[in-house]
Student: 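Let me give you the structure first, and then I'll get to my questions.
Quick caveat: nothing in here was measured; it's all calculated off a predicted structure. Numbers restart at 1 for each chain; the letters A, B, ... are given by sequence-line order, proteins then strands. Computed over heavy atoms, backbone and side chain alike; hydrogens, waters and symmetry mates excluded.
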There are 2 protein chains.
Amino acid sequence: MERRLPPVVARLWGREIPSRRGPRPGLELDTVVGAAVRLADRDGLEGVTMSSLASELGVATMSLYRYVGSKEELLVVMADAATPEPPPINGRAWRPYLTGWTRANRDFLLQRPWLLTLGQHAPPLGPRTLRWLDRALAALESTGLSHAEGINITTTLTGYASRQAALTHAMTATTGTVSEEVGGLVEYGEILGAVLDPAEFPALDDAVRANAFGAAEVWIDDADFTFGISLLLDGIEALIARKADDRPTPIVANP
Amino acid sequence: MERRLPPVVARLWGREIPSRRGPRPGLELDTVVGAAVRLADRDGLEGVTMSSLASELGVATMSLYRYVGSKEELLVVMADAATPEPPPINGRAWRPYLTGWTRANRDFLLQRPWLLTLGQHAPPLGPRTLRWLDRALAALESTGLSHAEGINITTTLTGYASRQAALTHAMTATTGTVSEEVGGLVEYGEILGAVLDPAEFPALDDAVRANAFGAAEVWIDDADFTFGISLLLDGIEALIARKADDRPTPIVANP
DNA sequence: CTGTATTGCATACAGTGTACGCGATACAGA
DNA sequence: TCTGTATCGCGTACACTGTATGCAATACAG
């Protein structure tokens with residue numbers, strides 16, 4: 001029944017057929033990926049090179065291709081490996097759990113900003129990423145929402161988390177050339193003020209003058225994040241209430 | 001008063017000091033960027049090479065560096081140039097306007113998926129990108145929300161748009177090696193079903209069995225998008241109502 | 001013991017971004 | 001009008017990227 005999996009997926013799930021003949025592999029996929037992650041943490045994504053990774057591991061560059069089909073594949077596997085475990089539910093209700101879930105999502109993206117770049121390349125396929133998805137769906141199970149709705153909600157929340165992380169990262173980055181140029185030496189709001197024509201950008205100009213883009217610390221501040229997440233969850237809560245009204249006799253009773 | 005701007009910003013706003021001496025420039029920045037965008041549309045982002053761009057323009061590779069400080073800078077300018085104008089407000093209320101705004105945001109990301117990769121590199125700095133921000137803030141002006149809240153809402157909406165676009169793109173891409181491998185030959189849900197251990201991913205497994213990831217068409221379907229955006233706007237609407245209650249005598253009356 | 005699959009790796013190559021420097025150009029000031 | 005100089009396009013060069021290929025060493029299957 002088990003259809004032949006794409007190589008990346010097999011690699012992600014450790015489903016490679018073990019080799020029986022020939023010399024024993026001197027490395028393991030996990031070792032390679034772990035070193036790559038360490039490298040990305042230290043030097044950023046562009047510091048991860050097949051040769052830099054090889055020398056980190058003390059092997060020749062081409063040896064890596066015995067463990068990974070291509071660099072792109074390595075990146076996909078890295079992305080999953082670098083994703084932490086989702087927070088445990090511990091009996092929490094969907095709303096507090098998803099709040100923490102989204103916050104944790106943002107947090108690990110801020111800790112490993114290179115994941116932001118990698119996230120765009122492929123849909124969630126690895127065990128870690130899918131575990132996040134599973135936990136969110138599990139938390140929503142008692143709400144009576146459909147599977148499709150649950151998936152959509154999850155998408156929305158991760159979207160919020162990564163957008164927030166990307167923005168925060170862009171504003172506070174001390175490395176990375178363009179961001180550094182902008183976020184480091186000159187304040188963001190200051191640049192906007194210098195460049196905007198108030199007649200053409202009236203609303204934005206108002207915000208700038210009101211110092212809404214003020215200090216960089218605002219962006220790391222948690223109040224902003226909490227505000228946005230409440231917004232989202234309010235919408236979800238309203239939906240749940242609406243659906244409960246529409247179906248006065250649900251097939252599965254809500255506890 | 002006008003402080004010295006970072007080079008990228010100057011380039012984005014056409015604020016370069018025009019040269020008076022020496023041979024006339026044979027190209028203009030807009031021409032270069034336009035060609036680069038055309039190239040990205042045709043061959044994707046990795047088809048944009050300093051040499052490919054040069055030969056597209058009929059000049060030598062190194063000539064480009066008279067117009068652009070580095071390739072990264074080129075990409076930033078491209079991202080802004082490739083962003084279309086935001087939809088006009090035309091007297092619409094904030095809710096219908098922001099709905100269309102977000103949808104239009106997703107749409108142009110789907111038309112130029114390479115913008116998804118580029119969006120992460122720098123905060124909005126160019127005229128086009130900032131115009132989107134300005135229009136959204138303008139639409140929210142009559143709601144009595146603070147500037148900070150408006151910005152946060154905008155962030156949330158663009159986050160939703162880009163996440164949705166990224167996912168849709170990943171599922172339906174016919175190019176790009178990993179996505180192709182996954183989205184093209186084998187269905188996403190099928191892969192999940194083959195790989196998931198139901199005991200470890202109970203909720204997700206339920207969703208897969210219910211065919212919630214079913215046909216790829218679902219992902220382009222607009223119903224999903226509309227669902228999510230309603231969620232967000234419901235939350236915002238609730239916030240507006242709440243704030244209106246807190247201040248029974250608002251300075252500006254809501255029409 | 002032999003055959004073979006599989007290992008690590010050296011070599012090679014096409015392609016990348018860009019530093020540097022040159023002759024040609026066209027204006028500023030004499 | 002002449003000269004100096006800032007700026008142009010661009011040829012050359014270089015460090016570095018990902019990876020195709022092939023080969024000797026290895027260790028199990030028969």
Student: Cation-pi check for B/F225 against B/R106: NZ or CZ below 6.0 Å from the six-membered ring centre and within 45 degrees of the axis, yes or no?
Tutor: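 Yes, a cation-pi geometry holds between B/R106 and B/F225.
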Student: Going by side chain to side chain donor-acceptor pair (under 3.5 Å), name the pairs with one or both residues in residues 30-40 of chain A, residues two or more places apart or in two chains.
Tutor: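 As it turns out, the side chain to side chain donor-acceptor pair (under 3.5 Å) pairs with a partner in residues 30-40 of chain A, which skip direct neighbours, are A/R38-A/E56.
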Student: Name all residues meeting the side chain to side chain contact (heavy atoms under 4.5 Å, CB included) criterion together with A/P202; count only those two or more places apart in sequence or in a different chain, and write none if there are none.
Tutor: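 So A/P202 forms a side chain to side chain contact (heavy atoms under 4.5 Å, CB included) with B/D134.
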Student: In sequence, state the C-alpha distance, the side-chain angles, and the governing distance for B/N105 and B/T158, and then conclude on side-chain hydrogen bond (donor to acceptor under 3.5 Å, both in side chains).
Tutor: CA-CA 7 Å; B/N105 193 333; B/T158 50; 5.2 Å; no
Student: Looking at residues at least two apart in the chain, or sitting in another chain, which of them share a salt bridge (charged side-chain N to carboxylate O under 4.0 Å, His left out) with A/E200?
Tutor: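 Checked A/E200 against salt bridge (charged side-chain N to carboxylate O under 4.0 Å, His left out); matches are B/R131.
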Student: Between A/P25 and B/S51, which has a closest nucleotide on DNA chain C that is more 5'?
Tutor: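 The 5'-side residue here is A/P25.
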Student: Could you list all the ring-ring contact (aromatic ring centres under 6.0 Å, His included) pairs where at least one residue sits in residues 5-40 of chain B, not counting sequence neighbours?
Tutor: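 Those involving residues 5-40 of chain B are A/F201-B/W13.
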Student: What does the list of N/O pairs under 3.5 Å between the protein and nucleotides 22-27 of chain C look like, with a distance for each?
Tutor:
unit_1 : atom_1 : unit_2 : atom_2 : d
C/dA26 : O4'    : B/G22  : O      : 3.4
C/dC27 : OP1    : B/R24  : NE     : 3.4
C/dC27 : OP1    : B/R24  : NH2    : 2.3

Student: Going by salt bridge (charged side-chain N to carboxylate O under 4.0 Å, His left out), name the residues that satisfy it together with A/R66, two or more places apart in sequence or in a different chain.
Tutor: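 Salt bridge (charged side-chain N to carboxylate O under 4.0 Å, His left out) list for A/R66, sorted by chain: empty.
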Student: Does A/V76 reach the side chain of A/L125, with side-chain heavy atoms less than 4.5 Å apart?
Tutor: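 No - every pair of side-chain heavy atoms lies 4.5 Å or more apart.
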Student: Could you grab the distance from atom CD of B/E46 to atom OG1 of B/T117, nearest 0.5 Å is fine?
Tutor: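 Rounded to the nearest 0.5 Å, the CD-OG1 separation comes out at 8.5 Å.
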Student: Mind checking side chain to side chain donor-acceptor pair (under 3.5 Å) for B/T156 and listing every partner two or more places apart, or none if nothing turns up?
Tutor: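 Not a single residue meets the side chain to side chain donor-acceptor pair (under 3.5 Å) criterion with B/T156.
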Student: Using the side chain to side chain donor-acceptor pair (under 3.5 Å) criterion, which residues pair with A/R21? Sequence neighbours excluded.
Tutor: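 Checked A/R21 against side chain to side chain donor-acceptor pair (under 3.5 Å); zero matches.
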Student: Nearest whole Å is fine: how far is C/dA19 P from B/K71 NZ?
Tutor: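 That distance rounds to 15 Å.
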Student: Minimum heavy-atom separation for B/V37 and B/W114, please, with both atom names.
Tutor: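 Reported closest heavy-atom pair: CG1-CZ2, 4.0 Å.
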Student: Enter the distance from B/L64:CG to B/M50:CE here, rounded to the nearest 0.5 Å.
Tutor: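 Taking CG in B/L64 and CE in B/M50, the distance rounds to 5.0 Å.
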Student: Starting from C1' on C/dA14, measure out to CD on B/E46 and report it in whole angstrom.
Tutor: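 So the two atoms are 17 Å apart, to the nearest Å.
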Student: Mind calculating the distance between CD (B/E72) and P (C/dG17) to the nearest angstrom?
Tutor: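 Taking CD of B/E72 and P of C/dG17, I get 13 Å after rounding.
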Student: For a 4.0 angstrom threshold against heavy atoms of chain A, report the outermost contacting nucleotides of DNA chain D in 5' to 3' order.
Tutor: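 Reading along DNA chain D, I get D/dT17 to D/dA29.
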Student: For residues 55-64 of chain A, which residues have at least one heavy atom under 4.0 Å from DNA chain D?
Tutor: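 Those residues are A/T61, A/M62.
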Student: Between B/D205 and B/R209, does any NZ, NE, NH1 or NH2 come within less than 4.0 Å of an OD or OE carboxylate oxygen?
Tutor: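 Answer for the salt bridge query: yes.
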Student: Rounded to 10°, tell me the angle between the two end axes of the helix from C/dC1-D/dG30 to C/dA24-D/dT7, each built from five pairs.
Tutor: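 One end's axis against the other's: 10°.
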Student: With a 4.0 Å heavy-atom cut-off, tell me which residues in residues 30-45 of chain B come close to DNA chain D, sorted by residue number.
Tutor: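 Nucleic-acid contacts, sorted: none.
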Student: Take atom CD of A/E28 and atom C1' of C/dG8, then tell me their distance rounded to the nearest Å.
Tutor: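 Going from A/E28 (CD) to C/dG8 (C1'), I get 16 Å.
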Student: Roughly how far, to the nearest 0.5 Å, is the OG1 atom of A/T154 from the CG atom of A/L133?
Tutor: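 It is 5.5 Å, given to the nearest 0.5 Å.
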